[in-house]
Amino acid sequence: MNVLFLCTGNSCRSILGEATFNHLAPAGWRAMSAGSKPAGYVHPRSLALLAREGISTEGCSSKSWDNLPATPDIVITVCASAAGETCPAYLGPVLRTHWGVEDPAHATGTDEEIDAAFMKAYRILRARIEAFLALPLETLRHDKVALKAAMDNIASIEK
């Protein structure tokens, strides 16, 4: 099963989601990330955070949803719609859910405050990914309605 973490710039949140998911996922599950308007770079603080957490950043790059390496089965948007961000809508016959997370790339303040914003985004995404991977995935992959409901419920986890 292929999971796509999707946002606009594909430099922070979707990268954190992709790398964390791949670090934790069982065999047969793979994440990728993309943006509708890719920034063209991965934010250095995202890479540094993942390295500190012991998560591989190999292959992480900011890329367009037009150049996906595989067709996704599940699309998880991570834009923070509550912050007025418009999340891109993936136009394909896939299961979709929205796990809004504030964009740490827009954080301001001291280095410590900015790092804290990145860590908060990472912790929220990791908690949601762990909750997703704790689901009875082999059963739910054949029950799209139940899987969608479970994924939508996971969106409320705010670690």
Side-chain angles (χ1 to χ4, degrees), residues 1-51 53 55-107 114 117-118 120-133 135 137 140-145 147-155 157:
M1 294 285 284
N2 293 310
V3 177
L4 172 62
F5 285 89
L6 182 63
C7 66
T8 306
N10 189 218
S11 70
C12 292
R13 295 162 295 181
S14 52
I15 296 287
L16 293 172
E18 172 189 16
T20 303
F21 188 96
N22 286 332
H23 180 72
L24 299 172
W29 288 81
R30 179 173 156 241
M32 55 194 151
S33 67
S36 57
K37 296 178 185 135
Y41 69 94
V42 177
H43 198 291
R45 288 182 194 260
S46 292
L47 295 173
L49 186 156
L50 290 166
E53 294 294 317
I55 297 173
S56 173
T57 59
E58 185 178 334
C60 287
S61 65
S62 177
K63 55 207 157 297
S64 172
W65 59 359
D66 294 327
N67 300 314
L68 296 176
T71 302
D73 300 293
I74 297 170
V75 174
I76 300 170
T77 52
V78 293
C79 303
S81 53
E85 261 185 296
T86 301
C87 244
Y90 185 81
L91 305 174
V94 299
L95 186 99
R96 296 174 193 81
T97 194
H98 177 69
W99 292 356
V101 178
E102 292 297 322
D103 189 352
H106 298 304
I114 295 169
F118 275 82
K120 179 180 179 187
Y122 166 75
R123 284 193 177 128
I124 290 169
L125 286 165
R126 183 167 180 131
R128 292 174 184 175
I129 290 165
E130 288 173 348
F132 173 77
L133 294 173
L135 295 171
L137 296 175
L140 289 175
R141 73 189 296 171
H142 302 293
D143 185 347
K144 301 294 189 207
V145 172
L147 180 56
K148 166 92 170 116
M151 291 182 69
D152 289 350
N153 284 337
I154 287 170
I157 296 173

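- By the neighbour-count criterion of 12 heavy atoms within 6.0 Å, atom NZ of K120 is sparsely surrounded, having that number or fewer from other residues, nucleotides or ligands.
- A side-chain N or O of T77 and one of H98 form a donor-acceptor pair less than 3.5 Å apart.
- Within the 4.5 Å cutoff, side-chain heavy atoms of V101 are placed close to those of L125.
- Counting heavy atoms from C-beta on, the side chains of L24 and R126 come closer than 4.5 Å.
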How far apart are the C-alpha atoms of L4 and I74, what are their side-chain angles, what is the distance that settles it, and do they pass the side-chain contact (heavy atoms from CB on, under 4.5 Å) test?
CA-CA 6 Å; L4 172 62; I74 297 170; over 6 Å; no
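- Results of the side chain to side chain contact (heavy atoms under 4.5 Å, CB included) test with V42 over T57, N10, I15 single out I15 as the only residue that passes.
- Looking only at distances, a side-chain donor or acceptor of W99 sits under 3.5 Å from a matching main-chain atom of M151.
- By the 4.5 Å heavy-atom criterion applied to side chains, C12 and D103 are counted as neighbours.
- Between F5 and I129 the shortest side-chain heavy-atom distance falls below 4.5 Å.
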Just do the side-chain contact (heavy atoms from CB on, under 4.5 Å) check on L147 and L95 with the steps written out, would you?
CA-CA 9 Å; L147 180 56; L95 186 99; 3.9 Å; yes
Is there a side-chain contact (heavy atoms from CB on, under 4.5 Å) between V3 and I76? Walk through the geometry before answering.
CA-CA 7 Å; V3 177; I76 300 170; 3.7 Å; yes
For T8 and C79, run side-chain contact (heavy atoms from CB on, under 4.5 Å): C-alpha distance rounded to whole Å, both residues' side-chain angles, the deciding distance at 0.1 Å, then the answer.
CA-CA 7 Å; T8 306; C79 303; 3.9 Å; yes
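- Here the straight-line distance linking atom OG1 of T97 with atom CZ of R128 works out to 9.5 Å at 0.5 Å rounding.
- Looking only at side-chain heavy atoms (C-beta outward), L133 and L137 come within less than 4.5 Å of each other.
- Of the inter-residue distances, the one linking E58 atom CD with N22 atom CG reads 11.0 Å to the nearest 0.5 angstrom.
- Here the CD1 atom belonging to I154 is positioned 11.0 Å from the CD atom belonging to E130, to the nearest 0.5 angstrom.
- Residue A131 comes nearest to I157 through the heavy atom pair CB-CD1, 3.5 Å, listed as atom of the first residue, atom of the second, then distance.
- For L6 against S36, the heavy-atom pair with the smallest separation is CD1-N, 4.4 Å.
- What you find for A19 and I55 is that their closest heavy atoms are O-CG2, 3.4 Å.
- Judged purely by atom type and a 3.5 angstrom limit, R30 has no side-chain atom pairing as donor or acceptor with the backbone of N2.
- Ring-plane geometry between F132 and W29 is classed as perpendicular, the angle between the planes exceeding 60 degrees on a 0 to 90 degree scale with a lower cut at 30.
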Carefully, step by step, assess E18 and K63 under the rule salt bridge (Lys or Arg N to Asp or Glu O under 4.0 Å).
CA-CA 12 Å; E18 172 189 16; K63 55 207 157 297; 3.8 Å; yes
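- A heavy-atom distance below 4.5 Å is found between the side chains of E53 and Y122.
- The side-chain heavy atoms of L47 and Y41, taken from C-beta on, include no pair separated by under 4.5 Å.
- Summarising the geometry of A39 relative to S62, their closest heavy-atom pair is N-OG, 3.2 Å, with the distance given to 0.1 Å.
- Contact check for P69 versus M32: side-chain heavy atoms found under the 4.5 Å cut-off.
- To the nearest 0.5 Å, atom OG of residue S46 and atom CZ of residue R13 are 10.0 Å apart.
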